[in-house]
Amino acid sequence: MLKIYSTLFEVLGPQGWWPHPTRFGKIVGALLAPAVKWGNVVRAIDNLEKAGIDNFPALRELDVKLLEEYIRPTIYYRKKAQALKAMANKEELLEIKGSLLLREEFLSLPNVGRETADSLLLYAWDYPIMVVDAYTKRILYRLGYLPQEKIDYDLVQQLIESKLPKDLSTYQEYHALLVRLGELYCKKSPLCEDCPLNKDCQKIHLKLVEG
DNA sequence: CTCCAGGGGGCCA
DNA sequence: TGGCCCCATGGA
C-alpha cells in the first residue's frame with residue numbers, strides 16, 4: 001500500500017488538492033465533486049461566485065431553482081442543490097472541528113453519503129480520514145489488495161488506513177493520486193501499457209512504459 | 001447526430 | 001445485497 005503511494009507520488013508528482021482556496025469553495029466543491037470532473041465543479045463554483053454567492057448566508061438565501069441553474073454543469077444537480085442547502089442551513093457545523101461525530105452529522109444531510117462526508121472531513125476540515133471512491137476500489141482490486149471490486153466502503157477505508165501513517169497530507173495526496181491514476185489509466189477499458197503501476201498489477205500484464 | 005459510460009447516493013424489495 | 005432512478009458531460 002505504501003509502495004503504491006510512493007510510486008504514484010514519484011511518477012505523477014504531488015497533486016496539490018484542494019484547488020479551491022476558500023473554505024466556502026472547498027466545502028461546496030466537496031459536495032459537488034462526486035461523479036463529476038473537477039473542471040465542471042469549478043464551472044459551477046464560478047457561476048455561484050459571479051452571482052455573489054461566496055458564503056453560506058448568501059447560499060441560504062438563494063432561490064433553489066436559481067441554485068440548480070448555477071450548478072447545472074454537475075450531474076445530479078437537483079440532488080446536490082439539496083445537499084448544499086442543507087449544509088447552508090446547518091451553519092453551526094462549520095464551527096465544529098473534524099471528528100467521527102461530525103461525520104455522522106454530514107451523513108445525516110440529504111444526498112451526502114460516506115465518500116462525500118469523508119471528502120468534506122479530509123479536504124475542508126483537515127481531518128485525517130481516507131476517502132474511498134470507485135477508482136480506489138478498482139485500482140486496489142486490480143493490484144490484488146481486494147477480493148472483489150464491489151466491496152464495502154468501510155472495509156476498504158479500514159484497510160488503507162491500517163497500512164498508512166495516519167497523516168493528513170498523506171491521505172489527501174493518496175486519494176488525489178488514486179483519482180489521477182484512475183482518470184488516466186483505469187477506466188473500464190484500461191490503458192495499462194502506460195500505467196506506472198503496470199508492473200505491479202496482478203490483473204493486467206502489459207509492459208511498463210516510463211514517461 | 002446518437003449512443004453510452006458512470007469519479008454517488010437514496011430507496012425499495 | 002441488488003436493481004433502479006437521478007441526469008450533465010464528453011468521447012466514440
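Numbers restart at 1 for each chain; the letters A, B, ... are given by sequence-line order, proteins then strands. Because only heavy atoms are used, hydrogens play no part in the values below, and waters and symmetry mates are left out as well, while side chains stay in.
If A:Ala134 and A:Pro110 are placed on DNA chain B by their nearest nucleotide, the residue sitting closer to the 5' end is A:Ala134.
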Give me, pair by pair, the N or O atoms of the protein and of nucleotides 9-12 of chain C that are less than 3.5 Å apart, along with how far apart they are.
| from | atom 1 | to | atom 2 | distance (Å) |
| --- | --- | --- | --- | --- |
| C:dG10 | OP1 | A:Arg43 | NH2 | 2.7 |

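Nucleotide B:dG9 holds its C1' atom 7 Å from the CG atom of A:Asn111, rounded to whole Å. What separates CZ of A:Arg114 from P of B:dG8 is a distance of 12 Å, to the nearest Å. With rounding to whole Å, A:Ile151 atom CD1 is found 11 Å from C:dT1 atom P. Computed from coordinates, the A:Leu107 CG to B:dG9 P distance equals 9 Å when rounded to whole Å. In this structure, A:Arg103 places its CZ atom 10 Å from P of B:dG9, rounding to the nearest Å. In this structure, NZ of A:Lys80 is placed 11 Å from P of B:dG10, rounded to the nearest angstrom. Rounded to an integer number of Å, the gap from A:Asp154 CG to B:dG8 P is 15 Å. Rounded to whole Å, the distance from NZ on A:Lys79 to P on B:dC11 is 8 Å.
Listed by chain and number, the residues in a ring-ring contact (aromatic ring centres under 6.0 Å, His included) with A:Tyr70 amount to none (sequence neighbours excluded). With sequence neighbours excluded, the residues satisfying side chain to side chain donor-acceptor pair (under 3.5 Å) with A:Thr136 are A:Asp133. Every residue meeting the side-chain contact (heavy atoms from CB on, under 4.5 Å) condition with A:Leu155, not counting sequence neighbours, appears here in chain and number order: A:Ile151, A:Asp152. Remark: A:Leu102 pairs with A:Leu93, A:Ile96, A:Ser99, A:Glu105, A:Phe106, A:Leu121, A:Trp125 by the side-chain contact (heavy atoms from CB on, under 4.5 Å) rule, at least two apart or across chains. Contacts of A:Glu161 classified as side-chain contact (heavy atoms from CB on, under 4.5 Å), with partners at least two apart in sequence or in another chain: A:Ile129, A:Met130, A:Gln157, A:Lys166, A:Tyr171. For A:Tyr76, there are no ring-ring contact (aromatic ring centres under 6.0 Å, His included) partners, not counting sequence neighbours.
Within the structure, the side-chain hydrogen bond (donor to acceptor under 3.5 Å, both in side chains) test picks out the following pairs touching residues 53-64 of chain A (sequence neighbours left out): A:Arg60-A:Glu91.
For the strand DNA chain B, secondary-structure stems (runs of at least three Watson-Crick or G-U pairs, all distances below 3.5 Å) span B:2-5 with C:9-12, B:8-13 with C:1-6.
Taking atom P on both C:dG3 and B:dA5, the two are 16 Å apart, rounded to the nearest angstrom.
The side chain of A:Ala35 sits closest to B:dG8 out of C:dC7, B:dG10, B:dG8. In this structure, the nucleotide among C:dC7, B:dG8, B:dG7 sitting nearest to the side chain of A:Glu115 is B:dG8.
A:Thr136 comes within 4.0 angstrom of no nucleic acid atom, judged by non-hydrogen atoms across all strands.
For the ring-ring contact (aromatic ring centres under 6.0 Å, His included) with A:Tyr174, the qualifying choice from A:Tyr135, A:Phe9, A:Tyr5 is A:Tyr5, the only one to do so.
Looking only at atom types and distance, the side chain of A:Tyr153 has a donor-acceptor partner in the side chain of A:Asp118 under 3.5 Å away.
With centres under 5.5 Å and a plane angle under 30°, the ring of A:Tyr76 is stacked against the base of B:dG8.
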